[in-house]
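The structure appears right after this line, and notes come after that.
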Amino acid sequence: MKRKLIAAIGIAGMMVSIAACGGDSDDGGDKKAGADGYAGETLTVWVMDGSSPDDWQADLAKEFEAKTKAKVKFEIQKWNGIQQKLTTALSEENPPDVFEIGNTQTPAYAKTGGLADLSDLKSEIGTDWSESLNKSAVFDGKQYAAPWFVVNRVVVYNKKIWADAGIKELPKTRDEFYNDLKTIGEKTDAEPIYLPGQNWYHFVGLVIGEGGELVKKDGDKYVSNLADPKVAAATETYKKFQALSKAPKDKDEATPQQGEIFSKGKVGSFIGMGWEGATAIATNPAIEKDLGYFTIPGPTADKPEGVFLGGSNLAVAAGSKKQDLAKEFLKLALSDKYEGALAKANGVIPNKEALQSNLKGNAAAEAAAPASGTGDTTPLIPEWAAVENDPNPIKTYLTAVMKGKSPAEAAKQVEGEFNKRLAQQQ
């Protein structure tokens, strides 16, 4: 599955205020379900390109109509430009009733009033949603969306190169992983790991693993926390592994695509998404027989490395006139049947740990699942939106450290720009 979901949801744009409209229509909003259910109603649902298979949508639409007598109209959206398009749509009289939204962007839309409160839905169907996934759907203590799925990074490795180095078991700890990579460098001609200096989502995972935060509260505002010792510890770990790589220190994992680099058969491993393995196979089909995946090892064997959880939530527009019907849709879409089917089809982590059995047979997804319970996201604050715009100050920070500056020096170098972005009006 070649999907650039993580990159897409991480590209944050400036949010503008959303004036939620349409709640005071003459019919009082929803037509309450009667003997004919919601007959004559059509629910508009925006989903992103690649998020849900056609047959999943068709099966869901058929069951939804049988249950409610209403129809559902799926409208496929592109990630490029979606934030401005959604912002505009939510300010108009007839917004999409239900829509997919990037998990890290949910707080910004909740703050501006564009999302309906789904606390009642959470009580009814979400008592066993995974806390790590549901965290991004909550803002100011209220449930403004429902967790749909996440994906996270794993180690993609070349089985032949690891075997040629004499490595018989996969590493269970960070130190074992590092030592195995050193062994590959000593006993083979391969590059042990391809790790560019700006793979910042992996860096976010290392910060999560250290229990660190990228921002902190200073009075009534958020400011950079890059100078924190926990962040510095994560940076030193990144630097230690990056020193085993020949990858550029001033590029990210997409420049060039690391899956394409790996496909040449000269790299022992890289930190990436499952679809990047598919990229390698598409570039060089012969690599498939040697390609494998494992969970990124943490400091101890009992807990995986921290990972960034990128994914999507489902939300209801505050301005929708069909909120009751929208909730009926979510009850079905988020049911074990359809959550499980989506996980199986797309290899994404479902919103309940009990449904991870649907990932069986998908090697990349099985490797990703163990870390999903302890993973996290970038700071879930509306102010974060501007930070990720190019040039991303965290990438600048990482390159400075990879090129010799101390974490403290690099943090000071980007602090002004980081704080400037956090201060921008949402």
Side-chain angles (χ1 to χ4, degrees), residues 3 5-6 9-10 47-48 51-52 56 98 100-107 110 115 117-154 201 204-205 207-209 211 213 273-274 293 295-296 298 302-316 327 330-362 364-381:
R3 297 172 62 244
L5 175 63
I6 292 297
I9 64 173
V47 290
M48 305 308 298
S51 290
S52 53
W56 185 91
V98 177
E100 178 182 352
I101 183 173
N103 59 349
T104 61
Q105 299 309 312
T106 302
L115 311 184
D117 186 345
L118 301 181
S119 297
D120 56 343
L121 190 73
K122 169 69 164 64
S123 300
E124 186 173 351
I125 67 168
T127 55
D128 54 351
W129 286 341
S130 299
E131 183 179 352
S132 58
L133 273 70
N134 190 54
K135 184 178 179 181
S136 69
V138 177
F139 180 73
D140 277 353
K142 292 184 178 181
Q143 190 82 32
Y144 281 107
W148 195 17
F149 63 83
V150 296
V151 289
N152 56 263
R153 284 162 177 76
V154 298
Y201 280 118
V204 170
V207 173
I208 291 167
E213 298 284 351
M273 305 294 295
Y293 307 87
T295 308
I296 306 173
D302 61 334
K303 184 179 178 181
E305 186 61 85
V307 292
F308 169 77
L309 300 177
S312 290
N313 297 325
L314 291 176
V316 175
K327 291 176 183 178
L330 290 179
K331 290 176 188 177
L332 198 56
L334 298 168
S335 67
D336 289 0
K337 175 181 178 179
Y338 286 99
E339 272 288 300
L342 186 69
K344 187 172 184 177
N346 279 4
V348 294
I349 310 300
N351 62 15
K352 298 178 183 179
E353 290 184 16
L355 296 176
Q356 290 183 7
S357 59
N358 289 280
L359 303 175
K360 188 175 182 180
N362 185 321
E366 287 186 287
S372 65
T374 54
D376 209 335
T377 67
T378 48
L380 293 170
I381 56 174

When every non-hydrogen atom of V307 is compared with those of I208, the smallest separation belongs to O-CD1, 3.4 Å
Do I101 and Y144 come close enough that some side-chain heavy atom pair is under 4.5 Å? no
Report yes if the side chains of T377 and K135 come closer than 4.5 Å at any heavy-atom pair, otherwise no. no
Do N358 and P350 come within less than 4.5 Å of each other through their side chains, counting heavy atoms only? no
Return the OH to OG distance between Y338 and S52, rounded to the nearest 0.5 Å. 12.0 Å
Passes side chain to side chain contact (heavy atoms under 4.5 Å, CB included), F149 versus E100? Steps please. CA-CA 11 Å; F149 63 83; E100 178 182 352; 4.0 Å; yes
Please check if atom CD in E366 has more than 12 non-hydrogen atoms from other residues, nucleotides or ligands closer than 6.0 Å. yes
Consider side chain to side chain contact (heavy atoms under 4.5 Å, CB included). Of V151, L355, V150, which one does I349 pass it with? V150
Measure from the side-chain N and O atoms of T295 to the backbone N and O of A368, and report whether any donor-acceptor pair falls under 3.5 Å. no
Looking at every heavy atom in both P107 and S136, which two are closest together, and how far apart are they? CD-O, 4.2 Å
Side-chain touch E124/K331, heavy atoms, less than 4.5 angstrom: yes
Is there a donor-acceptor contact under 3.5 Å from the side chain of N362 to the main chain of L359? no
Measuring from K344:NZ to S357:OG, what's the distance to the nearest 0.5 Å? 9.5 Å
If you take all heavy atoms of A145 and N313, which pair is closest and at what distance? CB-CB, 3.8 Å
For E353 and G373, the nearest pair of non-hydrogen atoms, with its separation, is OE2-CA, 4.4 Å
Could you grab the distance from atom OH of Y201 to atom OG1 of T378, nearest 0.5 Å is fine? 6.5 Å
Minimum side-chain heavy-atom gap D120-K327 below 4.5 Å: yes
If we ignore hydrogens and angles and just use 3.5 Å, is the side chain of E339 paired with the main-chain N or O of N351 as donor and acceptor? yes
Could you check if a side-chain atom of N103 sits within less than 4.5 angstrom of a side-chain atom of P147, using non-hydrogen atoms only? no
Counting only heavy atoms not in K122 (residues, nucleotides, ligands), do more than 12 fall under 6.0 Å from its NZ? yes
Regarding Q143 and N134, is there a side-chain donor-to-acceptor distance under 3.5 Å anywhere? yes
Nearest 0.5 Å, what's the OG-CG distance between S51 and L342? 8.0 Å
If I compare all heavy atoms of V154 with all of A364, which pair ends up nearest, and what's the gap? CG1-O, 4.0 Å
So, using salt bridge (Lys or Arg N to Asp or Glu O under 4.0 Å) as the criterion, who are the partners of K303 when residues are at least two apart? none
First locate atom CD of Q105, then atom CG of L380, and finally report the distance between them rounded to the nearest 0.5 Å. 10.0 Å
Side-chain donor-acceptor pair under 3.5 Å between S372 and N152, yes or no? no
Take L334 and W148 through the side chain to side chain contact (heavy atoms under 4.5 Å, CB included) test and state the conclusion after the steps. CA-CA 7 Å; L334 298 168; W148 195 17; 4.0 Å; yes
Mind checking what makes salt bridge (Lys or Arg N to Asp or Glu O under 4.0 Å) contact with D117, not counting sequence neighbours? none
For residues A137 and A146, report the shortest heavy-atom separation together with the two atoms involved. CB-N, 4.2 Å
